[in-house]
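Note sheet for the following structure.
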Amino acid sequence: MPFDLKGQAAFVTGGARGIGFAIARELAGCGADIAIGDLKPEDAEASCAKLSGDFGVKAKGYAANVSDPGAVEKVFGAIRGDFGRLDILINNAGITRDGLVMRMKPEDFDIVLSVNLKSAFLCSKEAIKIMSKQRYGRIVSISSVVAFMGNPGQVNYSASKAGMIGLTKTIAREYGTRGITANAVAPGFITTAMTDALPENVKEQMRASIPIGKFGTPEDVAQAVLFLCSRESGYITGNVIHVNGGMYM
Ligand code: NAP
């Protein structure tokens with residue numbers, strides 16, 4: 001166990017699968033109790049059952065569209081009731097709706113900003129209410145390499161992920177004295193359902209641009225997130241860890 005998170009509770013948005021689930025596993029492996037908020041409650045509950053079975057921690061799945069203010073308030077109320085505290089928030093839920101600028105529909109811009117960025121604001125706001133009282137908290141938001149490099153076809157997605165960096169730095173400035181740190185992790189190309197959908201030629205092009213020569217795994221991202229969630233990272237705030245095999249440096 002690299003870090004001791006026993007007695008702590010973590011909420012991972014979009015944690016039923018992919019990178020979110022890998023993060024939940026790392027945290028549970030260090031003893032943290034886990035809440036997962038996802039669109040499909042049955043998927044969130046199935047993932048939580050795996051975590052309790054493997055690590056003996058308390059884990060609970062919630063139905064939560066984290067871009068909806070009412071749903072976010074409700075899920076945080078449930079977490080307060082079920083766990084009595086919140087030490088770690090992972091803003092991970094994310095979607096893509098790709099298209100070149102000239103062809104992108106305004107609704108595809110709005111929904112990506114709403115799910116990827118507004119959700120991080122809504123969840124951070126609720127988490128900070130609990131964390132300020134505890135005088136302790138760790139907020140980690142999952143941004144992306146495209147926030148820093150741009151990416152043709154992803155004006156909505158790259159804007160949402162760049163927005164998360166501003167959000168992170170502002171929370172870090174506002175709540176540092178309350179013992180709350182806010183950081184971001186910016187993954188490069190990570191093998192998950194989100195990237196499996198890309199055409200083979202695009203994947204080949206991407207692979208060629210990575211100095212380490214291969215795509216990352218959800219666990220590569222989760223290891224960096226785990227460090228930022230530990231007590232040991234307490235003097236790091238408002239920062240970004242890039243996990244991209246050297247694709248952007
Ligand atoms: P993924 O496999 O598509 O998983 C995303 C999860 O978020 C799914 O469980 C999804 O639920 C959930 N979700 C979507 N919209 C939601 C909402 N409104 N409320 C609650 N949950 C919602 O994606 P991933 O590849 O693991 O990506 C995780 C995060 O890392 C995202 O923010 C993504 O932008 C970021 N990221 C990924 C990569 C990569 O290469 N994969 C690179 C950089 C950054 P459903 O199953 O119901 O759809």
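Heavy atoms only: backbone and side chains are in, while hydrogens, waters and symmetry mates are out.
- Taking 4.5 Å as the limit, some side-chain heavy atom of Val112 sits within range of a side-chain heavy atom of Ile95.
- The closest donor-acceptor contact from the side chain of Arg85 to the backbone of Ala9 lies at 3.5 Å or more, if one exists at all.
- Atoms OG and CG, from Ser144 and Asn244 in turn, are 9.5 Å apart once rounded to the nearest 0.5 Å.
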**Report entry** CA sep, side-chain torsions, deciding dist, call: Leu117, Met164, side-chain contact (heavy atoms from CB on, under 4.5 Å)
**Finding:** CA-CA 6 Å; Leu117 180 59; Met164 287 178 113; 3.9 Å; yes
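- Cation-pi check for Arg231 over Tyr136 is met; the charged atom lies under 6.0 angstrom from the ring centroid and within 45 degrees of its normal.
- Taking 4.0 Å as the cut-off between side-chain N and carboxylate O, Arg25 and Asp54 count as a salt-bridged pair.
- Proximity of a side-chain donor or acceptor of Glu219 to a complementary backbone N or O of Ala22 within less than 3.5 Å is not detected.
- Looking only at side-chain heavy atoms (C-beta outward), Glu26 and Cys229 stay at 4.5 Å or farther from each other.
- By the criterion of side-chain heavy atoms lying less than 4.5 angstrom apart, applied directly or through intervening Ile, Leu, Val, Met, Phe, Trp or Tyr residues, Ile210 is grouped together with Val146 in one hydrophobic cluster.
- Contact between Pro2 and Cys30 at its shortest, heavy atoms only, is CD-SG, 3.9 Å.
- At least one side-chain heavy atom of Leu226 sits under 4.5 Å from a side-chain heavy atom of Leu27.
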Query raised in the report: So Asp38 and Arg17, salt bridge (Lys or Arg N to Asp or Glu O under 4.0 Å) or not? Walk me through it.
Result: CA-CA 9 Å; Asp38 216 296; Arg17 61 181 165 95; over 6 Å; no
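- A heavy-atom distance below 4.5 Å is not found between the side chains of Asn156 and Ile111.
- Scored by the ring pair (Phe, Tyr, Trp, His ring centres under 6.0 Å) test, Phe148 finds His242, Tyr248 as partners (sequence neighbours excluded).
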Requested in this report: Walk me through it: do Phe21 and Val12 pass the test side-chain contact (heavy atoms from CB on, under 4.5 Å)?
Outcome: CA-CA 8 Å; Phe21 183 61; Val12 185; over 6 Å; no
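- For Lys58, the NZ atom counts as densely surrounded, since its 6.0 Å shell holds more than 12 non-hydrogen atoms of other residues, nucleotides or ligands.
- No more than 12 heavy atoms of other residues, nucleotides or ligands shown are found within 6.0 angstrom of NZ on Lys133.
- More than 12 heavy-atom neighbours from other residues, nucleotides or ligands sit within 6.0 angstrom of CD1 on Ile236.
- Lys203 forms no cation-pi arrangement with Phe189, by the criterion of a distance under 6.0 Å to the ring centre and an angle within 45° of the ring axis.
- Between the Ser233 side chain and the Phe227 main chain, a donor and an acceptor come within less than 3.5 Å of each other.
- Closest approach of Cys48 and Gly61 over heavy atoms only: SG-N, 3.5 Å.
- A 4.5 Å side-chain heavy-atom check between Leu5 and Ile88 finds at least one atom pair inside the cut-off.
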Report task. Might you work through the side-chain contact (heavy atoms from CB on, under 4.5 Å) test for Thr13 and Cys123, ending with a clear yes or no? Result -> CA-CA 9 Å; Thr13 70; Cys123 292; 4.0 Å; yes
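- Inter-residue side-chain proximity for Asn92 and Val225 is flagged as unmet; no heavy-atom pair is nearer than 4.5 Å.
- With hydrogens and angles ignored, the 3.5 Å screen pairs a side-chain donor or acceptor of Lys161 with a backbone N or O of Ile142.
- Within the 4.5 Å cutoff, the side chain of Thr168 has no heavy atoms near those of the Asn91 side chain.
- Cation-pi geometry between Arg207 and Phe215 is satisfied (NZ or CZ under 6.0 Å from the ring centre, within 45° of the ring normal).
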Requested in this report: Check step by step if side-chain contact (heavy atoms from CB on, under 4.5 Å) holds for Ile180 and Ser132.
Outcome: CA-CA 7 Å; Ile180 300 170; Ser132 313; 4.1 Å; yes
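- Between Leu89 and Met131, the closest side-chain pair of non-hydrogen atoms falls below 4.5 Å.
- The ring pair (Phe, Tyr, Trp, His ring centres under 6.0 Å) test applied to Phe76 returns Phe11, not counting sequence neighbours.
- Annotation for Asp196 and Thr191: closest pair OD1-CG2, 3.9 Å, computed over non-hydrogen atoms.
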